[in-house]
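Note that the structure is a prediction, hence the values are computed from the model and not measured. Each chain gets a letter, A, B and so on, in the order the sequences are listed, and its residues count up from 1.
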Amino acid sequence: MIAIVDCNSFYASCERVFRPELRTQPIVVLSNNDGCVIARSDEAKEAGIKMGAVFHKVKGELDQKKVHYFSSNYQLYGDMSDRVMRCLQSINPDIEVYSIDEAFLDLAQANIPADGLVEFGKKVRIKVWRETGIPISIGIAPTKVLAKVANRLAKKAKQKTEGVLVLQTKTEILSALAATPLSDIWGFGYKKAYKLKSLFGMTTALDCYNNMTEEIMRKQFGGVVGLRVLRELRGERSISISSGAVEKQHIASTRSFGQPINTLSELTEAISVYTERALQKMEHQQSACKTVGVFLSTDRFKKEKGYYAKSAYGVLPHPTCNPHEVIEKAVELIRDIFLPQFSYIKAGVFLASFEDVGARQLSLFEQDVFETASKSKSEKLATLLATSEKKFGKKQIAMASSGIDSKWQMRMSHCSPHYTTDWRDLPVISLPAK
DNA sequence: TCTGGGGTCCTAGGACCC
DNA sequence: TCTGGGGTCCTAGGACCC
């Protein structure tokens with residue numbers, strides 16, 4: 001059996017961990033630049049706040065309905081996610097971390113009797129709550145797709161299920177599928193759901209389970225991907241659990257700016273910082289990259305001022321993780337595509353064509369690069385700043401924290417403290433004097 | 001004034017080869 | 001030059017996920 005663990009309204013729950021008085025209050029979390037609503041607590045959903053709502057348009061409504069809003073605090077969410085995943089791993093080592101707020105557990109080695117699965121799920125819930133303060137729900141079923149179905153229903157009927165639903169017998173599975181609209185099947189987007197309805201009149205997962213053939217599925221509904229989903233729906237394992245971190249094929253760091261920028265120096269400053277951010281992610285998986293890409297774009301919502309978006313790719317002479325080399329390339333590329341007559345609101349960096357740093361035989365020349373890679377972060381940053389200053393002149397790269405007055409810095413007017421990742425933001429508990 | 005930022009996988013079709 | 005029937009490799013873009 002496979003379990004999926006899903007952190008309920010994860011970002012909102014993270015904000016609540018250190019603000020327990022908000023546990024019963026409606027909360028939303030905003031996207032970068034405080035652009036739109038990307039996460040809602042149940043109470044905010046009930047209050048009618050829509051996913052993706054544009055913040056400046058609904059701000060009045062939020063205030064009026066006393067909905068608390070937060071800028072996204074990814075440092076906090078990332079750290080809380082690590083805590084939840086470590087807790088899950090301590091219970092069941094066979095784990096696939098699927099996203100920041102979801103994980104699959106392969107229960108094959110756990111030796112849980114068929115009638116003990118619900119109990120197991122409840123234990124996991126309590127342990128995660130106790131150790132992290134994050135509420136979760138759990139779906140358990142023979143395949144990933146069915147576990148997802150179970151989890152969705154567990155969440156929907158939280159009172160009845162206590163956040164845990166097991167689909168084991170055929171009867172349980174069929175009645176769950178009957179209660180699941182096509183578009184809520186994992187791997188079926190609105191396109192597939194729409195097409196299934198208009199061609200065959202299907203509306204629920206059960207319709208698909210009963211009446212779809214593998215042949216039609218493969219030919220008309222997403223090829224092998226669609227086929228795998230259909231098989232999983234029928235209880236046949238077709239999507240494997242991949243434990244262990246999967247190396248990324250490309251790494252990106254892209255952002256919209258706080259305000260439009262129109263000078264090359266601001267743009268190179270932003271690109272340099274984005275490149276450093278992407279390199280940090282690359283360092284995590286111990287890769288070196290050979291391809292660097294950049295892009296920039298004007299405001300796509302204001303095409304009347306002229307729309308310009310362009311990307312450029314470059315190949316480095318050898319795979320490298322040396323910030324100096326990669327940033328130099330990225331800056332060179334952005335210079336090539338920069339046109340002074342436009343104002344830009346977005347830019348980004350891509351890294352690709354990775355090679356494993358650990359497995360590589362290093363040439364004499366590359367050894368000092370490798371040393372750079374193994375230095376501590378602050379040492380590396382110092383080296384980076386020094387070399388870039390030499391190369392590009394002063395002020396091309398600024399510390400993100402010191403660039404607070406840069407126009408390209410994100411707008412984040414409602415950010416909570418970095419409770420768990422910055423000593424200065426450590427919560428203080430004051431006990432009443434006796 | 002104000003609209004996120006990442007990822008994955010697959011397919012079709014073009015270029016090229018014999 | 002075209003013809004048939006294979007291949008391979010690459011890229012763009014679609015569809016989907018969180």
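A gap of 15 Å separates the P atoms of dC16(B) and dC2(C), to the nearest Å. To the nearest whole angstrom, the two C1' atoms, one in dC17(C) and one in dG4(B), are 15 Å apart.
Ile239(A) has its CD1 atom 11 Å from the C1' atom of dC9(B), to the nearest Å. Rounded to whole angstrom, the span from the CZ atom of Phe188(A) across to the P atom of dC18(C) amounts to 14 Å. Atoms NZ (Lys144(A)) and C1' (dC18(C)) sit 14 Å apart, rounded to a whole Å. To the nearest angstrom, C1' of dG5(B) lies 15 Å from CG of Leu30(A). For Arg411(A) and dG4(B), the CZ to P distance is 10 Å, given to the nearest whole Å. For Phe10(A) and dC17(C), the CZ to C1' distance is 17 Å, given to the nearest whole Å. Atoms CD1 (Ile38(A)) and C1' (dC18(C)) sit 10 Å apart, rounded to a whole Å. Rounding to whole angstrom units, OH of residue Tyr77(A) and C1' of dC18(C) are separated by 15 Å.
The number of heavy atoms from other shown groups lying within 6.0 Å of CD (Glu21(A)) is above 12.
Nearest to the side chain of Tyr190(A), among dC16(C), dG7(B), dG4(B), sits dC16(C). The listed nucleotides are dC16(C), dG4(B), dT3(B); the one nearest the side chain of Lys191(A) is dC16(C). With distances taken from any side-chain atom of Tyr98(A) to the nucleotides dG4(B), dC17(C), dG7(B), the minimum falls on dC17(C).
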Would you list the protein and nucleotides 12-14 of chain B atom pairs, both N or O, that sit under 3.5 Å from each other?
none

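Backbone-only engagement by Gln249(A) is indicated by non-hydrogen atom pairs under 4.0 Å involving sugar-phosphate atoms exclusively. Contact annotation for Lys195(A): no contact, since no heavy-atom pair falls under 4.0 Å across all strands. Residue Lys59(A) is classed as having no contact, given no heavy-atom separation below 4.0 Å to the nucleic acid. Within the 4.0 angstrom heavy-atom criterion, no nucleotide atom of any strand lies near Phe55(A). Across all strands shown, Ser72(A) has no heavy atoms under 4.0 Å from either base or sugar-phosphate atoms. Residue contacts shown for Ile100(A) are absent, as no nucleic acid heavy atom lies under 4.0 Å away. In this structure, Lys192(A) reaches the sugar-phosphate backbone alone: every heavy-atom distance under 4.0 Å involves primed, P, OP1 or OP2 atoms, never a base. Note on Asp34(A): nothing from the nucleic acid sits closer than 4.0 angstrom, heavy atoms only.
Partner of Asp6(A) under the salt bridge (charged side-chain N to carboxylate O under 4.0 Å, His left out) criterion, chosen from Arg125(A), Lys155(A), Lys148(A): Lys155(A).
Across residues 207-229 of chain A, Gly223(A), Val224(A), Val225(A), Arg228(A) each have a non-hydrogen atom less than 4.0 Å from an atom of DNA chain B (numbered order).
Between Lys281(A) and dG7(B) there is a side-chain polar atom (N or O) within less than 4.0 angstrom of OP1 or OP2. Between Lys148(A) and the phosphate of dC17(C), there is no side-chain N or O to OP1/OP2 separation shorter than 4.0 Å.
Under the 3.5 Å distance criterion, the side-chain polar atoms of Asp207(A) are matched with a main-chain donor or acceptor of Thr204(A). Although no hydrogens or angles enter the test, the distance criterion places no donor-acceptor pair under 3.5 Å between the side chain of Asp101(A) and the main chain of Phe10(A). A side-chain donor-acceptor contact under 3.5 Å links Ser31(A) to the backbone of Cys36(A). Judged purely by atom type and a 3.5 angstrom limit, Glu232(A) uses its side chain to pair as donor or acceptor with the backbone of Ser238(A).
A centroid separation of 6.0 Å or more is found between the aromatic rings of Phe188(A) and Tyr194(A).
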Verdict with supporting geometry, Lys192(A) and Ile185(A), side-chain contact (heavy atoms from CB on, under 4.5 Å):
CA-CA 10 Å; Lys192(A) 275 198 194 79; Ile185(A) 300 171; over 6 Å; no
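For the atom pair NZ (Lys156(A)) and OG (Ser137(A)), the distance works out to 13.5 Å, reported to the nearest 0.5 Å.
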Dot-bracket notation for DNA chain C is requested: 5' to 3', Watson-Crick or G-U wobble pairs only, both distances under 3.5 Å, with ( ), [ ], | and . as defined.
....||||||||||||||
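dC17(C) has no stacking from Trp186(A) on its base ring, since the centres under 5.5 angstrom apart and planes within 30 degrees of parallel are not both found.
Judged by closest nucleotide on DNA chain B, Met410(A) is the one of Met410(A) and Lys248(A) placed further toward the 5' end.
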